Protein chains: 2
Amino acid sequence: MTARRIPEATVARLPQYLQALVEAADAGRRTVSSEDLARASGLTSAKVRKDLSFLGSYGTRGVGYAVEELTTEISTVLGLTDDRPVVIVGIGNLGRALASYDGFSRRGFRVEALVDADPTKIGTQVGDHVVQPAAQLPDLVRDRGITIAVLATPAGRAQAVAAEVVAAGVTAILNFAPVHLDVPEHVSVRTVDLSTELQILSFYEQLGQVSAAAS
Amino acid sequence: MTARRIPEATVARLPQYLQALVEAADAGRRTVSSEDLARASGLTSAKVRKDLSFLGSYGTRGVGYAVEELTTEISTVLGLTDDRPVVIVGIGNLGRALASYDGFSRRGFRVEALVDADPTKIGTQVGDHVVQPAAQLPDLVRDRGITIAVLATPAGRAQAVAAEVVAAGVTAILNFAPVHLDVPEHVSVRTVDLSTELQILSFYEQLGQVSAAAS
DNA sequence: CTTTGTGAAATCCTTCACAGCG
DNA sequence: CGCTGTGAAGGATTTCACAAAG
């Protein structure tokens, strides 16, 4: 029974299961229980089972899930069966780090090109790539079939760059600029703001201090 | 009516409001409506109002929220009234980028020290800091009153480092390693996994393609 | 006897819609 | 009249608890 609609919350957890499955495979395991997956991801086994039930992928009662089968299933659902080409726009500190980050390549993505607007950066070598001028962006995206863009530009440039990559055919954006991006409905955006993350932590940290003081 | 318990989902949005308020202030605005904040953050005005109502902070009917007052209120709730010292552990590509990232300092955090286990990195200069040996970690955390650690170590080291910083007194961890960290209950963890973000995007991107093909 | 798969209950979050205040 | 603040309704997500399968 493949493919009911998969809830958003479940989708967000599938990568973690994938991660846990790869580890299990590396450890030589052929099956894992929902309890195993739960422990590896810091969740509850009931949640794991519910999530996996949306895939329609079957475990075996009394045994668990076949590691290899479930890995394939999740990879397929996530669209990771072939490497997906990615362009990184904005080669500052963060862009450079992302360009050299091997986690992307090891998990289904291929950094295909680096782009920056700053003339002094163009032509410089970063990792395996030469930084290309922003004017090349539309051609690059079209010619190489790129559908995913990673934006590490200054906040002030992000919206304009987003519009540009979308016009060129990108349909998914991972945005590191601390701004909300307005994009057409068919485009997905995820914004990762490092300061935001710290600020959220700050709240809970303070909360702990307060309640500890109160007790 | 200050301080009912603030829902998790609301807490996660407060930094965005803060961001929007700073922009409004820079633009010379003295008040903003929930509709303004909604537009700036890509949310609905009803959600903004509900969120802000949890702070107990009052807007003025017919007018909106006083920019300065609300900024102070949110900063206080998030515990950002003073700069908080942060240690970055793991000075690889990503750690280096984070160390030089000025967004942290501009939004309430102060990078206080950089630490790495690799002897060849120790003593090297990164931004304003000299990389210190991992053995110094407990002393650094204690002596400088550090309560927040940013982990950019290899996945295999993250859990051990987490245990170490927690033992030294850290109560909040921003984790960039793609692993679940087990920590005591009084410690908050947020894990940001860049590949995970791309994988989630990949799902929705594929979904769009499929449903476009079907139509 | 173990572990999945899932209805039903409980909880959390969002949206609606409007009373009420300035 | 404009915009906030909020009950109430509606959805989504999580948890519970257990029947069913190997």
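So that the names make sense, note that chain A is the first sequence line, chain B the second, and so on, each numbered from 1. Note that the coordinates shown come from a computational prediction; the quantities given were computed from them, not determined experimentally.
Contact between A:Ser202 and B:Arg84 at its shortest, heavy atoms only, is OG-NH1, 3.3 Å.
Regarding B:Asp51, its CG atom lies at a distance of 11 Å from the P atom of C:dT15, rounded to whole Å. One can place CZ of B:Arg5 at 9 Å from C1' of C:dC12, the figure rounded to the nearest angstrom. Taking atom NZ of A:Lys50 as the reference point, atom C1' of D:dT13 lies 9 Å away to the nearest angstrom. As rounded to whole Å, 11 Å separates atom P of D:dT6 from atom CG of B:Leu52. The interatomic distance linking B:Ile6 (CD1) with C:dT14 (C1') rounds to 18 Å, in whole Å. Rounded to whole Å, atom C1' of C:dC1 lies 16 Å from atom CD of A:Glu35. A:Phe54 places its CZ atom 10 Å from the P atom of C:dT6, with the value rounded to the nearest Å. Atom C1' of nucleotide C:dT3 and atom OH of A:Tyr58 are separated by 17 Å, given to the nearest angstrom.
Using a 4.5 Å heavy-atom threshold, the side chains of B:Thr44 and B:Lys47 count as touching.
Of the residues near DNA chain C, B:Val63 and B:Glu8, the one whose nearest nucleotide (by heavy atom distance) lies more toward the 5' end is B:Glu8. Map B:Gly59 and A:Lys47 each onto its nearest nucleotide of DNA chain D; the residue landing nearer the 5' end is B:Gly59. Between B:Gly62 and A:Arg49, the residue whose closest nucleotide on DNA chain D is further toward the 5' end is B:Gly62.
Contact annotation for A:Thr44: backbone-only contact, meaning every heavy-atom pair under 4.0 Å involves sugar-phosphate atoms and none involves a base.
Comparing C:dT14, C:dT4, D:dT4 by their nearest atom to the side chain of B:Arg61 picks out D:dT4. Of the candidate nucleotides C:dT14, C:dT4, D:dT4, D:dT4 has the atom nearest to the side chain of B:Tyr65. Considering only side-chain atoms of A:Arg13, the nucleotide from D:dG5, D:dT14, C:dT4 that sits closest is D:dT14. The side chain of B:Ala9 approaches C:dC13 more closely than any other nucleotide in the set C:dT4, D:dT14, C:dC13.
Contact between the side-chain N/O atoms of B:Thr60 and the OP1/OP2 oxygens of C:dG22 is not found at any separation under 4.0 Å. Put simply, A:Ser34 has a side-chain N or O that comes within less than 4.0 Å of OP1 or OP2 on C:dT4.
Counting heavy atoms of neighbouring residues, nucleotides and ligands inside a 6.0 Å radius, atom CZ of A:Arg144 exceeds 12 of them.
Ion pairing between a basic and an acidic side chain is recognised when a charged N comes within 4.0 Å of a carboxylate O; A:Asp116 and A:Arg96 show no such pairing. Ionic pairing of A:Asp182 and B:Arg39 is not present here: no N-O contact between side-chain nitrogen and carboxylate oxygen is shorter than 4.0 angstrom.
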